[in-house]
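The next block holds one structure in the form of structure tokens; read it before the comments.
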Amino acid sequence: MIFTNFNTVSSYTNPSAIRLLRTNCGQSRHQELYRDTQKECYILDTLRGLGYQTYAAIDNDAPSYLFVEDIMAYAHADTPLKITDLPVRQYDFDNSPIYDDLSILNRWWDTRQHSSAKRAALYMDITTMHGGTHWADDPQWWKKERAVLYQEFGQRLFGNLNTFFKSLQSSGKNFVVIFVPEHGMALRGSSLQSPDIREIPLPAITTVPVGIKFIGEGVSPFPERQVTVSKPTSYLALSHLLSSFLSAPRFGRDSMLTKKVIDRIPETKFVAENEASLVVKKDNDVFYYGKGKKWIKLPESALR
């Protein structure tokens with residue numbers, strides 16, 4: 001399944017991750033993300049209650065982000081797997097190391113295979129394609145355009161994911177993979193905001209492609225059977241699907257992605273928000289509320 005009109009709401013890493021891990025309760029106001037909420041909102045708590053052993057993995061523990069602290073405190077994530085002895089593939093904008101994503105996934109898979117738990121769930125945050133990163137082994141990286149680096153990062157990431165998926169497939173076990181970009185990289189600017197700036201969560205930045213993949217016995221990877229969801233969606237769509245998958249009578253595309261499940265995917269109108277910026281869509285218009293404390297209808301030049 002592919003979502004072509006999914007809104008991640010935030011254009012920064014930490015709130016996006018918190019929102020994803022609180023997916024059961026949909027979209028909260030930004031300031032509410034950094035407070036406790038009802039237990040039912042936390043997707044990892046829900047899975048633990050259903051007998052899943054949960055894990056977390058992060059390829060970049062940069063102190064400047066406070067990312068680990070935030071997702072553990074406000075999203076109930078597990079302590080991440082140890083990664084500091086793994087290969088460094090990239091460096092972030094603050095020169096903190098980004099470790100090889102395939103090595104991290106393989107470490108989790110080895111850990112999982114040595115566990116006696118019947119069911120498991122992994123939350124992994126991958127910064128391979130994040131803005132400001134560069135290759136660790138390319139001293140001339142700064143001569144490349146950002147779009148070229150972005151393409152290289154994407155090719156590496158999806159190549160590694162395909163390799164990992166083949167390992168999972170060969171195990172004979174069943175898996176559901178949900179791939180959610182935290183936000184776009186803002187490679188292109190507009191009349192409102194320069195390239196690489198994400199202060200205002202414009203639709204072009206927070207609207208991302210989301211993919212869901214089944215891996216397991218009897219799941220045929222026929223492209224013509226892929227479901228495309230084009231209506232406006234956000235986190236409630238993921239919660240709806242996870243609930244449907246968990247209650248399905250058996251693993252498999254036909255039993256987990258029935259017409260009834262697909263038709264009931266909830267639609268969510270576009271509202272995006274950072275700490276000091278709010279963007280909404282109404283009909284065909286987009287409005288912005290920011291530091292000026294007034295609503296402004298955005299021109300087309302601001303949305304490209």
Side-chain angles (χ1 to χ4, degrees), residues 1-38 40-44 46 65-67 70-71 73-77 123-127 129-131 178-188 190 192-193 196-212 229-243 265-291 295-296 298 302-303:
M1 173 177 279
I2 182 79
F3 290 82
T4 59
N5 196 8
F6 188 98
N7 176 27
T8 63
V9 182
S10 302
S11 59
Y12 290 116
T13 299
N14 293 30
S16 294
I18 295 170
R19 289 184 184 282
L20 175 64
L21 294 176
R22 291 185 177 192
T23 193
N24 289 346
C25 289
Q27 181 173 338
S28 304
R29 293 301 308 269
H30 177 86
Q31 61 267 29
E32 294 173 2
L33 298 176
Y34 296 90
R35 305 172 187 158
D36 265 339
T37 186
Q38 56 263 46
E40 292 77 14
C41 293
Y42 301 99
I43 187 63
L44 294 175
T46 298
Y65 283 131
L66 291 178
F67 182 79
D70 278 357
I71 63 169
Y74 304 114
H76 296 190
Y123 165 71
M124 182 168 179
D125 185 82
I126 302 174
T127 55
M129 298 177 70
H130 201 276
I178 302 176
F179 187 92
V180 185
E182 57 189 25
H183 52 72
M185 200 164 107
L187 281 173
R188 293 180 299 176
S190 69
L192 188 66
Q193 201 161 234
D196 288 329
I197 302 300
R198 291 177 275 110
E199 181 181 351
I200 301 173
L202 296 171
I205 298 174
T206 68
T207 304
V208 302
V210 168
I212 296 178
V229 180
S230 58
K231 64 184 177 182
T233 52
S234 193
Y235 298 104
L236 283 177
L238 299 182
S239 181
H240 163 75
L241 288 172
L242 281 171
S243 176
I265 292 173
E267 180 174 321
T268 302
K269 294 182 178 180
F270 185 93
V271 179
E273 184 181 23
N274 286 333
E275 185 175 8
S277 300
L278 183 63
V279 178
V280 302
K281 281 185 180 180
K282 180 175 173 57
D283 300 324
N284 294 321
D285 297 322
V286 178
F287 297 86
Y288 163 59
Y289 185 89
K291 296 177 181 177
W295 286 101
I296 301 171
L298 296 180
L303 304 174

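- Residues Tyr12 and Glu182 fail the side-chain proximity criterion, which asks for heavy atoms closer than 4.5 Å.
- Taking all atoms of both residues into account, the shortest heavy-atom contact from Ala77 to Leu21 is CB-CD1, 4.3 Å.
- Atom CD in Glu32 sits 12.5 Å away from atom CD1 in Ile18 (nearest 0.5 Å).
- Within the structure, every pair that satisfies the side-chain hydrogen bond (donor to acceptor under 3.5 Å, both in side chains) test and touches residues 230-239, not counting sequence neighbours, is listed here: Asn24-Ser239.
- You'll find the side chain of Val279 reaches within 4.5 Å of the side chain of Phe270, heavy atoms only.
- The side chain to side chain donor-acceptor pair (under 3.5 Å) test applied to Asn14 returns Asp70, not counting sequence neighbours.
- The shortest heavy-atom contact between Cys25 and Leu236 is C-CD2, 4.2 Å.
- The backbone N or O of Leu192 sits less than 3.5 Å from a side-chain atom of Ser190, completing a donor-acceptor pair.
- A side chain to side chain contact (heavy atoms under 4.5 Å, CB included) with Pro201 is found for one member of Val271, Asn274, Leu278 and no other, namely Asn274.
- The distance from the CZ atom of Phe179 to the CE atom of Met124 is 10.5 Å, given to the nearest 0.5 Å.
- Leu238 has its side chain within reach of Leu20: a pair of non-hydrogen atoms, C-beta onward, lies under 4.5 Å apart.
- Across Met185 and Asp196, no two heavy atoms sit closer than the pair O-OD1, 3.9 Å.
- A distance of 10.5 Å separates SG of Cys41 from CG of Asp36, quoted to the nearest 0.5 Å.
- Although no hydrogens or angles enter the test, the distance criterion places a donor-acceptor pair under 3.5 Å between the side chain of Thr46 and the main chain of Tyr42.
- Exactly one of Thr206, Val208, Thr207 qualifies for a side chain to side chain contact (heavy atoms under 4.5 Å, CB included) with Phe6. That residue is Val208.
- Defined by atom type and a distance below 3.5 Å, a donor-acceptor pair is missing between the side-chain atoms of Arg22 and Thr37.
- Heavy atoms from other residues, nucleotides or ligands lying under 6.0 Å from CD of Glu275 number 12 at most.
- Considering only heavy atoms from C-beta on, Ile265 comes within 4.5 Å of Met1 through its side chain.
- Across all non-hydrogen atoms, the minimal contact from Arg198 to Gly184 is CD-O, 3.6 Å.
- In this structure the side chain of Ile212 reaches within 4.5 angstrom of the side chain of Phe3, judged on heavy atoms.
- Rounding to the nearest 0.5 Å gives a distance of 4.0 Å between CD1 of Ile200 and OH of Tyr288.
- Atom CG of Leu66 sits about 12.0 Å away from atom CD1 of Ile71, to the nearest 0.5 Å.
- Contact detail for Pro181 and Thr8: the closest heavy-atom pair is O-CG2, 3.2 Å.
- Under the 4.5 Å side-chain criterion, counting only non-hydrogen atoms from C-beta, Thr268 is not in contact with Asn7.
- The ring pair (Phe, Tyr, Trp, His ring centres under 6.0 Å) test applied to His240 returns no partner, not counting sequence neighbours.
- A heavy-atom distance below 4.5 Å is not found between the side chains of Leu241 and Ile178.
- Side-chain atoms of His76 and Ile43, non-hydrogen and from C-beta on, never get closer than 4.5 Å to each other.
- One distance of note links NZ of Lys281 with CZ of Phe287; it measures 12.5 Å at 0.5 Å rounding.
- Minimum heavy-atom separation, Ser16 to His183: OG-CD2, 4.2 Å.
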